[in-house]
There are 2 protein chains.
Amino acid sequence: MENEKPGARRASPQRPTLRDVARLAGVSHQTVSRAINDKGEIDPETRRRVLEVAQQLKYRPSRFARGLVRPATTTIGLIVDDILNPFFPELIAGVISAAEQRSWTVLISTTQKSPSKELELLRSLAGQVDALIGYLSQPDEAVAAAVEGVPLVVMHGRPDHPVFAAVEIDPRPGIQAAVERLIAHGHRRIGMVDCPGADYPVRLDVLREVAAAQGLPEPVVTDADQSQDGGAQGLSRLLKCDPDVTAVLAFNDIVAMGVYRSARSLGLSIPGDLALVGFDGLSFGDNLDPPLTTINIDKYRMGELAVSQAEVLLAGEKPPIAMLTTDLLVRSSA
Amino acid sequence: MENEKPGARRASPQRPTLRDVARLAGVSHQTVSRAINDKGEIDPETRRRVLEVAQQLKYRPSRFARGLVRPATTTIGLIVDDILNPFFPELIAGVISAAEQRSWTVLISTTQKSPSKELELLRSLAGQVDALIGYLSQPDEAVAAAVEGVPLVVMHGRPDHPVFAAVEIDPRPGIQAAVERLIAHGHRRIGMVDCPGADYPVRLDVLREVAAAQGLPEPVVTDADQSQDGGAQGLSRLLKCDPDVTAVLAFNDIVAMGVYRSARSLGLSIPGDLALVGFDGLSFGDNLDPPLTTINIDKYRMGELAVSQAEVLLAGEKPPIAMLTTDLLVRSSA
DNA sequence: TTGTATGCGTTATCAA
DNA sequence: TTGATAACGCATACAA
């Protein structure tokens with residue numbers, strides 16, 4: 001019996017299917033499948049003909065239908081704050097590389113500093129992937145609700161969450177080394193341009209502890225926006241609070257760049273008048289004048305670790321927090 | 001008739017399906033579907049029960065099965081050279097934003113400067129997306145074979161290809177403005193640290209034309225690797241060729257950073273002894289000392305344009321090349 | 001309110 | 001070498 005409506009039943013501009021090709025080539029859809037997938041058991045001539053028709057129809061297999069039938073390929077989603085911050089590309093590179101090793105594919109999205117979009121993005125991505133990795137800012141409960149059971153690895157630096165896996169940064173070794181170096185250079189009054197709420201364990205707390213342990217006076221602190229402008233304003237505020245500060249720890253390298261600018265306009269030389277230590281170990285810090293001494297994080301490794309965590313999650317277990325250490329990358333600003 | 005093997009038929013650790021949940025909840029799979037998708041026609045109580053079972057089973061709908069049945073969502077793949085080069089994150093941001101506006105999802109991959117992986121990546125990605133956008137280095141024929149009919153937008157700067165769509169950068173306005181500025185500052189002998197093969201239209205050619213049109217002597221050129229080291233070596237080679245060069249155009253900002261370093265070690269001040277113009281308009285150039293004057297490309301817009309091109313391709317047409325202009329971003333190095 | 005039957009586009013099995 | 005036929009997991013008419 002002939003089918004009345006070959007392909008006319010479908011909504012207008014739809015993609016051709018295996019059956020469409022089959023019909024036009026006068027074979028069964030199964031034969032087309034053989035041709036497309038280069039299976040052996042097929043006459044070279046029919047193969048050629050089928051392929052020709054397929055090309056003419058611009059046939060392309062549906063990834064959904066394939067996914068349904070073929071052995072599972074795992075896909076992970078990665079959400080970052082702001083891809084323009086050089087911190088993330090390195091992290092992303094680590095994630096991609098680790099995923100590639102496992103033949104996973106990764107889907108990347110960014111909220112571009114608009115935290116309001118985070119939940120929505122999380123929700124939409126959660127429907128498309130097997131696991132998620134995120135540098136997030138929304139509250140854990142909201143996040144948990146949004147991902148609805150999809151395994152999630154967080155890197156946002158937060159206390160332990162019951163179901164998420166996490167990779168965290170231990171700022172202590174780096175801060176310890178930085179403080180020791182500052183002391184060795186005669187500094188005692190340390191200031192910090194902080195960006196509260198964005199880190200855990202909290203860098204400032206660690207700085208205070210280390211300073212206290214070394215017999216230093218309580219560090220002077222000012223809160224700033226996580227940006228160059230924030231850093232610039234932060235330094236002038238810091239100096240207004242306490243003009244005797246001779247060394248500054250910036251929340252991160254971006255903030256540190258603001259400190260450079262501010263120092264320059266204040267007529268302060270680095271490291272002569274002011275020693276400066278950044279945080280993150282961004283490579284471009286090496287091109288600042290003078291090159292920025294900074295507490296380094298292995299961002300690439302961080303991405304790799306996140307993928308490992310996701311792997312464990314996917315296996316149905318909850319891994320312990322993956323800890324990443326820090327060290328001091330000595331350049332010239334301190 | 002009872003089914004003998006409820007779920008035992010499947011390979012061991014497989015994901016639960018709608019039917020598994022249905023069985024455990026003692027309802028039909030259809031009812032489960034209703035509960036999961038929050039359809040109205042369902043008793044709140046059974047809904048609750050079903051959801052509970054689903055959660056307990058850690059049920060998550062298959063994205064493939066959904067994709068098969070639901071109205072199509074389009075996914076595009078983006079391949080870049082090297083996500084660590086700050087040029088790309090901006091471009092990526094543009095792509096993501098434009099895709100988001102269309103409710104498309106983006107799959108990002110990078111070859112990390114390993115061109116050999118490019119074709120393989122292309123092939124694998126081609127199977128997972130509806131269209132591709134790529135900053136590629138392999139020959140067009142090889143690329144065409146790899147993507148096998150998947151619509152592709154290229155940004156690698158190459159002569160027109162019969163089936164790919166393209167977005168290209170017109171370096172002329174920027175170079176014109178740069179040369180004029182250099183002339184206004186008394187420069188006549190211009191050098192270029194070039195990275196041949198990576199651009200089209202070729203920046204060097206344009207520079208030559210512009211210089212000639214302005215009655216300047218033929219620019220001195222040296223070929224360099226597209227990296228900081230390349231830039232550093234490039235400058236010393238350039239100066240060895242012609243010690244009278246007073247102004248340099250770098251192939252891009254990364255190369256320009258190498259020029260800075262080299263100039264510093266040569267005891268040359270910028271812009272006093274040597275005027276320097278970069279290419280790309282990377283934002284970090286503003287933090288160099290002195291801030292880098294550079295020929296700017298709107299990278300974000302470039303990403304947006306690529307998505308538009310993809311959209312046209314997806315509609316079955318081949319769009320004309322999208323041209324992106326350049327301008328001079330005057331900072332202080334020239 | 002709930003269940004039955006059907007189809008989405010592909011691959012795999014098995015018979016012709 | 002080819003072609004029926006049956007999954008894959010889900011959603012949606014339509015029937016109960």
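Because only heavy atoms are used, hydrogens play no part in the values below, and waters and symmetry mates are left out as well, while side chains stay in. Just so we're clear, the structure is a prediction, and the values are computed from it rather than from any experiment.
A sub-4.0 Å separation between OP1 or OP2 of C:dA12 and a side-chain N or O of A:K39 is present. At D:dT2, none of the side-chain N or O atoms of A:T31 fall inside 4.0 Å of OP1 or OP2 (strictly under the cut-off). Between B:S33 and D:dA11, a side-chain N or O to OP1/OP2 separation shorter than 4.0 Å is present.
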#### Entry: B:R48 vs B:E45, salt bridge (charged side-chain N to carboxylate O under 4.0 Å, His left out): CA-CA, chis, key distance, verdict
CA-CA 5 Å; B:R48 197 197 51 69; B:E45 167 53 20; 3.2 Å; yes
### Task
Verify salt bridge (charged side-chain N to carboxylate O under 4.0 Å, His left out) between A:R63 and B:D130, making sure each step is shown before the conclusion.
CA-CA 9 Å; A:R63 60 176 175 283; B:D130 301 299; 3.2 Å; yes
### Worked verdict on A:E304 versus A:R301 for salt bridge (charged side-chain N to carboxylate O under 4.0 Å, His left out)
CA-CA 5 Å; A:E304 292 180 322; A:R301 176 94 188 106; 3.4 Å; yes
#### Entry: Stepwise salt bridge (charged side-chain N to carboxylate O under 4.0 Å, His left out) check, A:D38 with A:R47
CA-CA 9 Å; A:D38 242 330; A:R47 200 178 96 90; 2.6 Å; yes
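Scanning all heavy atoms of the two residues, the minimum distance from A:V150 to A:V129 falls at CG1-O, 4.4 Å.
Counted by atom type alone, A:S114 and A:Q112 present zero donor-acceptor pairs between their side chains at under 3.5 Å.
Contacts between residues 41-66 of chain A and DNA chain D, defined by a heavy-atom separation under 4.0 Å, are made by A:E41, A:I42, A:D43, A:T46.
Each of A:L68 and A:V27 was matched to the nucleotide of DNA chain D holding its nearest heavy atom; the match closer to the 5' end belongs to A:V27.
Nucleotide C:dT6 holds its P atom 19 Å from the CG atom of B:L18, rounded to whole Å. The nearest whole Å value for the distance from the NE2 atom in A:H29 to the C1' atom in D:dT5 is 9 Å. When the C1' atom of C:dT11 is taken as reference, atom CG of A:D38 falls 15 Å away, rounded to whole Å. Atom CD of B:Q30 and atom P of C:dA5 are 13 Å apart (whole Å).
A:R34 comes within 4.0 angstrom of a base, heavy atoms only. Across all strands shown, A:R19 has heavy atoms under 4.0 Å from base atoms, whether or not it also approaches the sugar-phosphate.
Each of C:dG3, C:dT11, C:dA5 was ranked by its minimum atom distance to the side chain of A:V69; first place goes to C:dT11.
Counting only heavy atoms from C-beta outward, the side chains of B:M302 and B:I169 approach each other to under 4.5 Å.
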